[in-house]
S.K.: 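Below is a structure I'd like to ask you about.
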Amino acid sequence: MTPFNQDRPTWDEYFLMLAKLAATRSTCLAFPVGAVIVKNKQVLATGYNGSPAGSVHCTEQGYCYPGLSSCDVSKDMPSRAVHAEANALAQAAKHGIATTDASIYVTLEPCLSCLKLIISAGIHEVFYETPFNSGGSLLVRDSFINEGLVTLKKIQISKETAERSASSLLNPTSVARANIII
């Protein structure tokens with residue numbers, strides 16, 4: 001690798017950073033999640049979790065349900081949010097974009113419902129940052145993996161890449177680099 005490429009994020013880091021950036025648009029009070037669908041190193045669609053299109057956002061009203069500050073504080077009330085993966089798949093479908101043989105990068109390991117949607121959409125690779133499933137959900141998830149329907153890989157962004165990326169977000173990016181000799 002030449003010195004000029006040392007500062008570039010890996011493809012996995014790049015797409016995970018895009019998913020993390022998508023998560024900043026989340027309107028969920030419990031926790032933000034972002035997703036990016038990728039095929040042949042090209043972004044097909046992005047998504048983040050939040051209320052269905054046209055419904056008031058939890059962040060706008062300051063609560064999920066009256067008297068309930070966040071969906072995750074109740075065992076009885078279901079989340080109002082459409083998950084990031086489902087929103088990314090819906091965006092692809094809305095625009096006629098095929099997801100067969102694509103990959104998806106998510107900030108949170110997909111729940112079983114989203115994993116089933118992902119598999120049904122022809123996506124066989126899932127890259128995620130934070131684990132989610134436990135107990136019986138792990139058994140079902142692992143059965144899909146063992147059947148060869150999907151692979152899941154936990155990934156992270158290196159500290160160096162994160163620091164360089166944070167700097168590029170805080171400072172002008174498209175300025176001449178000093179002292180570059182070709």
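In what follows, residues are counted from 1 in the order of the sequence shown.
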S.K.: Quick one: does Phe132's side chain get under 4.5 Å of Cys111's, heavy atoms only?
M.R.: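 The answer is yes, as the side chains (C-beta and beyond) meet within the 4.5 Å cut-off.
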S.K.: Between Leu108 and Leu112, is there shared hydrophobic-cluster membership here, with clusters defined by ILVMFWY side-chain heavy atoms closer than 4.5 Å?
M.R.: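 Unlinked, Leu108 and Leu112 end up in two clusters.
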S.K.: Are the side chain of Thr24 and the backbone N or O of Leu21 linked by a donor-acceptor pair below 3.5 Å?
M.R.: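 Side chain of Thr24 to backbone of Leu21, a donor-acceptor pair under 3.5 Å: yes, one is there.
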S.K.: Taking only Lys NZ, Arg NE, NH1 and NH2, and the carboxylate oxygens of Asp or Glu, determine whether Lys20 and Glu129 approach each other closer than 4.0 Å.
M.R.: yes
S.K.: Rounded to the nearest 0.5 Å, what's the gap from CG on Leu149 to CD on Glu147? Could you check?
M.R.: 5.0 Å
S.K.: Determine yes or no for a side-chain-to-main-chain donor-acceptor pair under 3.5 angstrom, with Ser120 supplying the side chain and Lys116 the backbone.
M.R.: yes
S.K.: Show your working on salt bridge (charged side-chain N to carboxylate O under 4.0 Å, His left out) between Arg141 and Glu109 and close with a plain yes or no.
M.R.: CA-CA 11 Å; Arg141 182 204 69 184; Glu109 178 187 7; 2.7 Å; yes
S.K.: Report the distance from atom SG of Cys28 to atom OH of Tyr48, rounding to the nearest 0.5 Å.
M.R.: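 Those atoms lie 12.5 Å apart.
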S.K.: Under a 3.5 Å threshold, yes or no: a donor from one side chain and an acceptor from the other, between Ser158 and Thr161?
M.R.: yes
S.K.: Can you measure from NZ (Lys41) to CZ (Phe15) and round to the nearest 0.5 angstrom?
M.R.: 8.0 Å
S.K.: Would you call the rings of Tyr105 and Phe127 parallel, tilted or perpendicular, where under 30° means parallel and over 60° means perpendicular?
M.R.: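 Judged by the thresholds at 30° and 60°, the geometry between Tyr105 and Phe127 is parallel.
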S.K.: Counting N and O atoms only, with roles assigned by atom type, does the side chain of His83 sit under 3.5 Å from a partner on the main chain of Pro110, one being a donor and the other an acceptor?
M.R.: no
S.K.: Group every Ile, Leu, Val, Met, Phe, Trp and Tyr by side-chain heavy-atom contacts under 4.5 Å, then state whether Val36 and Val82 land in the same group.
M.R.: no
S.K.: For the residue pair Leu18 and Val43, establish whether any side-chain heavy-atom pair is separated by less than 4.5 Å.
M.R.: yes
S.K.: Answer yes when Arg8 and Glu13 have at least one side-chain N-carboxylate O distance shorter than 4.0 Å, and no when they do not.
M.R.: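 Salt bridge: no.
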S.K.: Which value, rounded to the nearest 0.5 Å, describes the distance between Glu85 atom CD and Ile104 atom CD1?
M.R.: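 Output value for this atom pair is 5.5 Å.
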S.K.: Has Glu125 got a side-chain atom pairing as donor or acceptor with Ser103's backbone, closer than 3.5 angstrom?
M.R.: no
S.K.: Taking a hydrophobic cluster as the set of Ile, Leu, Val, Met, Phe, Trp and Tyr residues connected by side-chain heavy atoms closer than 4.5 Å, whether directly or through intermediates, do Ile145 and Ile118 fall within one such cluster?
M.R.: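 Ile145 clusters together with Ile118.
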S.K.: Which heavy atom of Ala35 sits nearest to which heavy atom of Ala88, and what is that distance?
M.R.: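 Scanning both residues, the minimum pair turns out to be CB-CB, 4.3 Å.
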S.K.: Which residue is it: Val150, Asp101, Leu115, Leu89? I am looking for the one with a side chain to side chain contact (heavy atoms under 4.5 Å, CB included) to Ile123.
M.R.: Leu89
S.K.: Does Tyr14 have more than 12 heavy atoms from other residues, nucleotides or ligands lying within 6.0 Å of its OH?
M.R.: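 At most 12 heavy atoms, drawn from other residues, nucleotides or ligands, come within 6.0 Å of this atom.
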S.K.: Within this structure, what is the NZ-CG distance for the pair Lys94 and Asn87, rounded to the nearest 0.5 Å?
M.R.: 8.5 Å
S.K.: Taking all non-hydrogen atoms of both residues, which atom of Ala102 and which atom of Ile37 are closest, and how far apart?
M.R.: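 For Ala102 and Ile37, the tightest heavy-atom pair comes out as CB-CG2, 3.8 Å.
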S.K.: Are Val106 and Ile155 connected in a single hydrophobic cluster, I mean Ile/Leu/Val/Met/Phe/Trp/Tyr linked by side-chain heavy atoms less than 4.5 Å apart?
M.R.: no
S.K.: Once you round to the nearest 0.5 Å, how far does CZ of Arg80 lie from OG1 of Thr27?
M.R.: 8.0 Å
S.K.: Can you confirm whether Lys154 is buried at NZ, in the sense that more than 12 heavy atoms of other residues, nucleotides or ligands lie under 6.0 Å from that atom?
M.R.: yes
S.K.: Is the backbone N or O of Gly122 less than 3.5 Å from a side-chain atom of Thr100, with the two atoms forming a donor-acceptor pair by type?
M.R.: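 Judged by distance alone, no pair lies under 3.5 Å.
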S.K.: Any sub-3.5 Å donor-acceptor pair from Asn49's side-chain atoms to Val33's backbone N or O?
M.R.: yes
S.K.: Between the main-chain N or O of Ala162 and the side-chain N or O of Ser165, is there a donor-acceptor pair closer than 3.5 Å?
M.R.: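 Side chain of Ser165 to backbone of Ala162: no pair is present.
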S.K.: Please examine the side chains of Met17 and Ile157, heavy atoms only from C-beta on, and report whether any two atoms are closer than 4.5 Å.
M.R.: yes
S.K.: Assess whether atom CG of Asn171 is packed by more than 12 heavy atoms of other residues, nucleotides or ligands within 6.0 Å.
M.R.: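 Check passes, neighbour count above 12.
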S.K.: Is there a path from Tyr128 to Leu44 through hydrophobic residues (I, L, V, M, F, W, Y) whose side chains come within less than 4.5 Å of each other?
M.R.: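 Looking at the clustering, Leu44 is in the same group as Tyr128.
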S.K.: Of the non-hydrogen atoms in Ala23 and Gly34, which two are nearest, and what is the gap between them?
M.R.: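 Smallest interatomic distance, heavy atoms only, reads CB-N, 3.4 Å.
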S.K.: So, does Thr173 use its side chain to make a donor-acceptor pair with the main chain of Ser168 at under 3.5 Å?
M.R.: yes
S.K.: Can a salt bridge be assigned to the pair Glu160 and Arg164 using a cut-off of 4.0 Å between side-chain N and carboxylate O?
M.R.: no
